[in-house]
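Only one structure is covered here, and it is reproduced in the block below.
Small disclaimer: the values here were computed from a predicted structure and weren't measured.
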Amino acid sequence: MNPIRRKITLLTLPTLAGLVLVLASSALGTVALYVNDMSSAGRRSQIVKIFGRSCDRGGSRQAFRVHVGKRTTECAYRTPVVGRDLEVQTTARLLSGTQRRLQQRAFLAVVIRAGGGGKYTFAVFPGQRKYQIRKDVPGEKTKFLAVGKQISQIQGTNKANKLRFQVFSILTTKQPDDSRIVALVNGKRMAVLVDDEAGPVKGRYAGFSVGAAGSANGAIASFDDVSVRIPDPF
């Protein structure tokens with residue numbers, strides 16, 4: 001049996017329609033904890049870099065802008081919110097100033113539970129119209145929990161991709177590490193997953209990133225309307 005599939009349950013409509021609807025309905029019940037429309041230098045200053053060797057940040061009246069430099073594969077930034085069970089949303093754009101050779105392999109992403117050496121990442125590739133949900137644990141290779149290709153909802157260069165990513169602990173199961181993962185692009189649900197080995201991902205930051213496989217030198221992206229939500233206590 002594939003070791004990833006043994007630990008990650010992918011719930012699909014054809015096989016578990018009723019269960020998916022229940023999970024999705026409960027998973028998307030959230031309350032806003034932090035909202036940033038990036039409309040001023042003060043608001044943009046609330047965003048802090050998590051990692052990335054050469055990352056130039058800037059902005060306009062509408063967005064937070066990132067320009068990836070040399071010897072850098074990804075530039076990631078976090079919101080002020082710290083927590084384990086969070087949902088992060090943002091409107092992201094891969095800008096046309098990105099070198100053409102990069103536009104096909106550059107990604108825009110939102111990250112959760114980052115900052116502890118690992119993270120969950122929901123990445124979309126505007127040039128390829130594909131997405132990946134990745135799990136990173138210190139000392140282990142990246143695990144690809146879900147991959148989707150030829151996704152019509154994913155928009156290309158200079159166009160808005162509204163990313164929504166949620167990782168919540170499942171408190172009703174006997175496994176304390178169980179976490180439910182939900183990912184959406186432009187209002188369309190891409191995947192609902194259950195990871196029963198979420199414990200090793202110990203970070204508490206939620207944010208966004210831009211990068212590419214190999215070097216991302218020359219990639220330019222903007223991020224707007226960032227929000228962080230928590231499970232609805234009611």
Side-chain angles (χ1 to χ4, degrees), residues 27-52 54-69 72 74-98 106-116 119-124 126 131 133-134 153-155 157-168 181-190 201 203-211 216 219-233:
L28 295 177
T30 59
V31 175
L33 192 63
Y34 173 81
V35 177
N36 190 334
D37 63 4
M38 304 294 184
S39 61
S40 69
R43 289 180 178 272
R44 293 190 294 273
S45 70
Q46 297 171 12
I47 305 301
V48 178
K49 187 171 75 171
I50 309 174
F51 60 83
S54 177
C55 306
D56 291 332
R57 57 185 286 170
S60 64
R61 292 182 180 179
Q62 292 83 26
F64 181 98
R65 183 172 294 194
V66 182
H67 188 163
V68 184
T72 304
E74 185 177 2
C75 292
Y77 294 83
R78 66 173 179 86
T79 68
V81 178
V82 177
R84 179 172 175 80
D85 295 328
L86 299 174
E87 173 186 287
V88 61
Q89 301 183 50
T90 189
T91 299
R93 291 175 172 84
L94 181 68
L95 301 181
S96 57
T98 299
F107 64 79
L108 306 165
V110 279
V111 297
I112 292 180
R113 298 185 187 176
K119 63 184 182 299
Y120 288 103
T121 302
F122 175 41
V124 301
Y131 75 83
I133 299 176
R134 307 191 294 250
Q153 286 77 19
I154 296 176
Q155 302 300 303
T157 303
N158 277 342
K159 295 184 178 180
N161 283 290
K162 296 182 180 180
L163 309 180
R164 184 176 179 183
F165 191 41
Q166 180 185 100
V167 183
F168 287 170
I181 302 168
V182 182
L184 302 92
V185 175
N186 294 320
K188 178 69 174 180
R189 189 179 297 114
M190 297 291 106
V201 187
R204 295 294 185 270
Y205 296 147
F208 53 82
S209 71
V210 55
I220 306 173
S222 69
F223 299 88
D224 193 10
D225 295 326
V226 176
S227 67
V228 180
R229 306 177 75 87
I230 58 175
D232 187 343

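In this structure, Asn161 contributes its side chain and Gln155 its backbone to a donor-acceptor pair below 3.5 Å. Side-chain atoms of Ser60 come within 3.5 Å of backbone atoms of Gln62 as a donor-acceptor pair (strictly under, hydrogens ignored). Under the 3.5 Å distance criterion, the side-chain polar atoms of Asp225 are left unmatched by any main-chain donor or acceptor of Thr91. Thr90 contributes a side-chain N or O that, together with a main-chain N or O of Asp224, makes up a donor-acceptor pair within less than 3.5 Å. With Asp232 contributing its side chain and Val31 its backbone, the two residues share no donor-acceptor pair below 3.5 Å. A donor-acceptor contact shorter than 3.5 Å is absent between the side chain of Arg164 and the backbone of Arg189. Remark: side-chain polar atoms of Tyr205 are not paired, donor with acceptor, to backbone N or O of Ile50 under 3.5 angstrom. For the pair Thr72 (side chain) and Ser54 (backbone), a donor-acceptor distance under 3.5 Å is present.
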Just list the side-chain donor-acceptor pairs under 3.5 Å for residues 78-86, sequence neighbours left out, or say none.
from, atom 1, to, atom 2, distance (Å)
Thr79, OG1, Val81, N, 3.3
Thr79, OG1, Ala206, O, 3.2
Arg84, NH1, Val201, O, 3.4
Asp85, OD1, Arg113, NH2, 2.9
Asp85, OD1, Ser169, N, 2.9
Asp85, OD1, Ser169, OG, 2.9
Asp85, OD2, Ser169, OG, 3.4

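Here the CG-CE distance, from Leu163 to Met190, works out to 10.5 Å after rounding to the nearest 0.5 Å. Taking NE2 of His67 as the start and OG1 of Thr98 as the end, the distance is 7.5 Å to the nearest 0.5 Å. Ile220 contributes atom CD1, which lies 10.0 Å from atom CG of Asp56 (distance to the nearest 0.5 angstrom). Arg93 CZ to Ser222 OG: the interatomic distance, rounded to the nearest 0.5 Å, is 5.5 Å.
Side-chain atoms of Leu95 and Asn158, non-hydrogen and from C-beta on, do get closer than 4.5 Å to each other. With contacts defined as side-chain heavy-atom distances shorter than 4.5 Å, the pair Gln166/Arg229 does not qualify. The shortest distance between side-chain heavy atoms of Met38 and Val226 falls below 4.5 Å. A 4.5 Å side-chain heavy-atom check between Val185 and Phe122 finds at least one atom pair inside the cut-off. Counting heavy atoms from C-beta on, the side chains of Val182 and Phe168 never come closer than 4.5 Å. A heavy-atom distance below 4.5 Å is found between the side chains of Glu74 and Phe107. In this structure the side chain of Asn36 reaches within 4.5 angstrom of the side chain of Ile47, judged on heavy atoms.
Exactly one of Ile133, Val111, Leu184 qualifies for a side-chain contact (heavy atoms from CB on, under 4.5 Å) with Phe165. That residue is Ile133.
Within a 6.0 Å radius of NZ in Lys159, other residues, nucleotides and ligands contribute 12 heavy atoms or fewer.
For Leu94 against Pro126, the heavy-atom pair with the smallest separation is CB-CG, 4.0 Å. Phe223 and Ala221 get closest at one heavy-atom pair: CE1-CB, 3.9 Å.
A search for ring pair (Phe, Tyr, Trp, His ring centres under 6.0 Å) contacts involving Phe64 returns Tyr77, Phe208, not counting sequence neighbours.
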